[in-house]
Colleague: 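For reference, the structure I am asking about is given below.
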Amino acid sequence: MAVTLDEKLEPIFHDVLRRNPGETEFHQAVHEVLETLGPVLVKYPEFAEKKVIQRICEPERQIIFRVPWMDDKGEIQINRAFRVEFNSALGPYKGGMRFHPSVYLGIIKFLGFEQIFKNALTDLPIGGGKGGSDFDPKGRSDAEIMRFCQSLMTELYRHLGEYTDVPAGDIGVGQRELGYLFGQYKRITNRYESGVLTGKGLNWGGSRARKEATGYGTVFFAHEMLKARGDSLEGKTVVVSGSGNVAIYAIEKCQQLGAKVIACSDSGGMIVDEQGLDLDLIKRIKEVERRRISAYVEARPKARYVEDGNIWTVPCDVALPCATQNELNGKDAKTLVENGCIAVAEGANMPTTPEGIKIFQDAKIAYGPGKAANAGGVATSALEMQQNASRDFWTFDYTAKRLEEIMVNIHRNCYETADEFGAPGNYVVGANITGFLKVAQAMDALGLI
Ligand code: NDP
Ligand code: 2IT
């Protein structure tokens with residue numbers, strides 16, 4: 001880990017290591033938060049006495065279960081699924097479900113831990129949770145995806161509820177999967193309980209602008225960071241990693257704000273299109289045809305596809321990592337800075353390694369960590385819950401406006417908190433402390449929980 005911890009926090013981290021062996025991503029996420037909490041314990045010694053940090057590091061509940069299902073050949077498959085209900089001081093557990101073969105408890109716990117602070121930053125009443133499975137959706141038919149989702153929900157439903165735990169999407173889980181999950185929940189419970197899942201389709205309880213929210217929100221955050229430095233996104237050259245839900249709508253908002261996005265990727269490689277990416281083409285390849293990003297160059301011969309290419313070597317003003325954790329390391333950060341990059345906003349969760357973060361901060365470029373920069377997705381999920389509770393359906397413009405206000409507010413709070421704690425311009429400090437204080441104060445008010 002790049003930074004050493006305050007002497008009060010070191011034993012807490014040591015305990016996290018001892019109690020959660022092998023969960024390296026979870027260790028990384030906890031360390032990154034603890035690095036910034038030293039000054040908080042000086043100002044609020046009661047949180048140390050009451051062991052609030054130790055309590056936050058221990059999930060309230062963790063569920064691990066078997067998901068048996070039958071593939072199209074009639075063969076039985078067995079996956080493992082998780083739901084980590086991390087903290088409900090501010091509201092029902094809220095956070096996505098991830099389907100990816102790399103999923104294990106350490107990944108779900110890192111995501112759930114991040115989600116606690118992210119959700120607090122939105123100022124909306126949502127606690128933190130996360131779930132997922134080591135199921136690999138790649139190459140599976142619709143029927144296989146459906147059977148898997150139905151089997152998963154047959155166990156998970158008993159742990160959910162609009163006042164208890166409200167999942168949504170994440171990597172490998174979009175509207176198709178959420179539909180099968182919601183359908184099975186409805187069937188088992190005999191309740192049309194819209195507020196139990198978010199990211200739903202628009203004709204079955206979803207919110208306008210939820211699909212766009214994470215990507216749009218990340219770009220709003222980048223724009224606010226640039227504005228705070230007297231600059232803007234207009235005319236900037238941008239590189240976006242990934243080409244999934246978050247990446248696609250980050251590209252869309254960049255283009256709307258007058259920036260030129262020249263590269264994106266998937267796990268197979270990257271495309272570079274110096275003329276600016278053709279987003280309609282990307283949407284068709286990824287959202288409709290569900291193909292690889294390499295297909296882009298078939299229709300755009302002037303663009304190039306680089307198999308296994310490292311997207312951070314493409315010179316840009318602004319970089320938006322929107323794929324996965326630890327996709328941008330110290331060497332990549334150095335390359336970006338050397339190539340003149342001035343801002344990084346994380347659409348993905350924890351995409352930059354600790355070494356990378358240190359390089360961005362030492363270079364004094366604008367660096368927006370995921371728990372602040374990508375909070376627009378879960379914030380709009382909370383707006384979806386509001387619409388469900390009042391049986392209402394807002395317009396796109398109204399919902400997108402609310403999202404923009406929330407992102408501006410998160411940026412301002414992080415900026416001001418960083419100043420207050422003597423770290424001007426440090427959004428990691430700002431986000432961690434703002435989120436932590438909100439959760440810690442609520443936990444304190446609710447007694448020993
Ligand atoms: P999608 O499944 O829609 O897209 C994921 C994209 O990232 C794909 O292009 C995928 O490529 C790539 N990717 C995933 N895993 C890897 C990997 N191990 N190595 C290289 N590339 C990879 O997911 P989302 O767009 O929803 O999520 C992207 C990130 O944003 C995640 O970190 C997620 O946690 C975060 N996030 C998502 C939110 C949401 O609302 N959806 C909200 C906040 C954060 P390939 O198809 O080849 O696997
Ligand atoms: O990481 C995230 O914030 C998400 N995947 C979205 C969670 C949500 O409940 O909308």
Side-chain angles (χ1 to χ4, degrees), residues 25 91-103 107-108 110-119 121-122 124 126-132 136-139 165-178 196-200 206-207 209-218 221 240-251 264-271 282 285-287 290-294 308-311 320-328 345-352 369-385 403:
E25 295 83 359
Y93 309 108
K94 182 81 197 88
M97 293 290 291
R98 175 178 292 191
F99 294 171
H100 193 272
S102 63
V103 164
I107 286 192
I108 300 303
F110 116 65
L111 290 162
F113 184 76
E114 288 283 288
Q115 202 83 46
I116 303 171
F117 306 98
K118 181 195 305 191
N119 295 5
L121 284 169
T122 66
L124 293 163
I126 39 179
K130 198 84 187 189
D136 186 357
K138 280 204 187 81
D165 186 354
V166 182
D170 193 84
I171 291 176
V173 178
Q175 219 168 84
R176 173 181 60 170
E177 291 73 20
L178 290 165
V196 75
L197 279 183
T198 63
K200 300 182 292 297
S207 170
R210 173 62 189 90
K211 183 176 67 172
E212 294 82 357
T214 311
Y216 278 22
T218 301
F221 196 89
V240 178
S241 66
S243 49
N245 173 261
V246 179
I248 286 175
Y249 293 95
I251 296 169
C264 71
S265 62
D266 62 18
S267 60
M270 66 166 167
I271 52 165
I282 294 177
I285 293 168
K286 284 293 171 181
E287 294 185 336
R290 295 182 186 276
R291 293 169 74 201
R292 311 302 299 157
I293 200 64
S294 54
D308 287 330
N310 181 347
I311 196 160
L320 305 177
C322 295
T324 194
Q325 65 277 353
N326 292 327
E327 56 165 313
L328 197 168
E346 296 182 338
N349 286 305
M350 206 169 75
T352 310
K371 62 170 80 65
N374 72 41
V378 76
T380 308
S381 280
L383 301 182
E384 181 172 332
M385 292 163 75
L403 164 65

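In each ligand, atom 1 is the first atom listed, and ligand 1 is the first ligand listed.
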Colleague: Using a strict 4.0 Å cut-off to heavy atoms of Gly347, name the atoms of ligand 1 that fall inside it.
Modeller: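 Result: 30 (O), 35 (C), 36 (N), 44 (C).
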
Colleague: When you compare ligand 1 with Thr214, is there at least one nitrogen or oxygen pair between them that comes in under 3.5 angstrom?
Modeller: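 Yes, Thr214 has an N/O under 3.5 Å of an N/O on ligand 1.
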
Colleague: Any idea which part of Lys211 is under 4.0 Å from ligand 1, heavy-atom wise: side chain, backbone, both or neither?
Modeller: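 The answer is neither; Lys211 stays 4.0 Å or more away.
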
Colleague: Ile271 and side-chain contact (heavy atoms from CB on, under 4.5 Å): which single residue from Ile293, Ile311, Asp266, Ile285 fits?
Modeller: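 Looking at Ile293, Ile311, Asp266, Ile285, the match for Ile271 under the side-chain contact (heavy atoms from CB on, under 4.5 Å) is Ile293.
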
Colleague: Polar contacts were defined as any N/O atom of the residue lying under 3.5 Å from an N/O atom of the ligand; does this apply to Gly172 and ligand 1?
Modeller: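 In this structure, Gly172 places an N or O atom under 3.5 Å from an N or O of ligand 1.
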
Colleague: Out of curiosity, is Glu327 lining ligand 1, as in a heavy atom under 4.0 Å away?
Modeller: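 Contact absent.
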
Colleague: On a heavy-atom basis, I'd like to know which of Gly217, Ser381, Ala382, Gly376 is closest to atom 10 (O) of ligand 2.
Modeller: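 The nearest heavy atom belongs to Ser381.
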
Colleague: Where does Leu111 meet ligand 2, judged by heavy-atom distances below 4.0 Å: at the side chain, the backbone, both, or neither?
Modeller: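 None of Leu111 does.
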
Colleague: Taking non-hydrogen atoms only, is Arg210 closer than 4.0 angstrom to ligand 2 via side chain, backbone, both or neither?
Modeller: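 The answer is the side chain.
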
Colleague: Could you check if a side-chain atom of Thr380 sits within less than 4.5 angstrom of a side-chain atom of Arg210, using non-hydrogen atoms only?
Modeller: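 When only atoms from C-beta onward are counted, Arg210 and Thr380 do touch, with a gap below 4.5 Å.
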
Colleague: Can you tell me which portion of His100 lies within the under-4.0 Å heavy-atom range of ligand 1? Options are side chain, backbone, both, or neither.
Modeller: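 Near ligand 1, His100 shows its side chain, while the N, CA, C and O stay back.
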
Colleague: Tell me which one of Asn245, Asn349, Asn326 gets a heavy atom nearest to atom 41 (N) of ligand 1.
Modeller: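 Among Asn245, Asn349, Asn326, the closest heavy atom to atom 41 (N) of ligand 1 comes from Asn245.
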
Colleague: Is at least one protein non-hydrogen atom found at under 4.0 angstrom from atom 10 (C) of ligand 1?
Modeller: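 It does not; no protein heavy atom is within 4.0 Å.
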
Colleague: Can you tell me if Gly169 contacts ligand 2 (heavy atom of the residue under 4.0 Å from the ligand)?
Modeller: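 Contact present.
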
Colleague: Heavy atoms only, cut-off 4.0 Å: how does Gln325 contact ligand 1, side chain, backbone, both, or neither?
Modeller: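 Near ligand 1, Gln325 shows nothing, with every heavy atom at 4.0 Å or more.
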
Colleague: Report the part of Ala213 in contact with ligand 1, treating N, CA, C, O as backbone and CB onward as side chain, heavy atoms under 4.0 Å; options are side chain, backbone, both, neither.
Modeller: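 Neither; no heavy atom under 4.0 Å.
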
Colleague: Could a heavy atom of Arg98 be found less than 4.0 Å from some atom of ligand 2?
Modeller: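 Per 4.0 Å heavy-atom rule, Arg98 does not contact ligand 2.
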
Colleague: Please state which option from Ala323, Gly242, Gly96 has its nearest heavy atom closest to atom 28 (C) of ligand 1.
Modeller: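 Among Ala323, Gly242, Gly96, the closest heavy atom to atom 28 (C) of ligand 1 comes from Ala323.
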
Colleague: State if Met350 counts as touching ligand 1 under the rule of any non-hydrogen atom under 4.0 Å.
Modeller: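 Checking ligand 1 against Met350, which is what was asked, there is no heavy-atom contact under 4.0 Å.
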
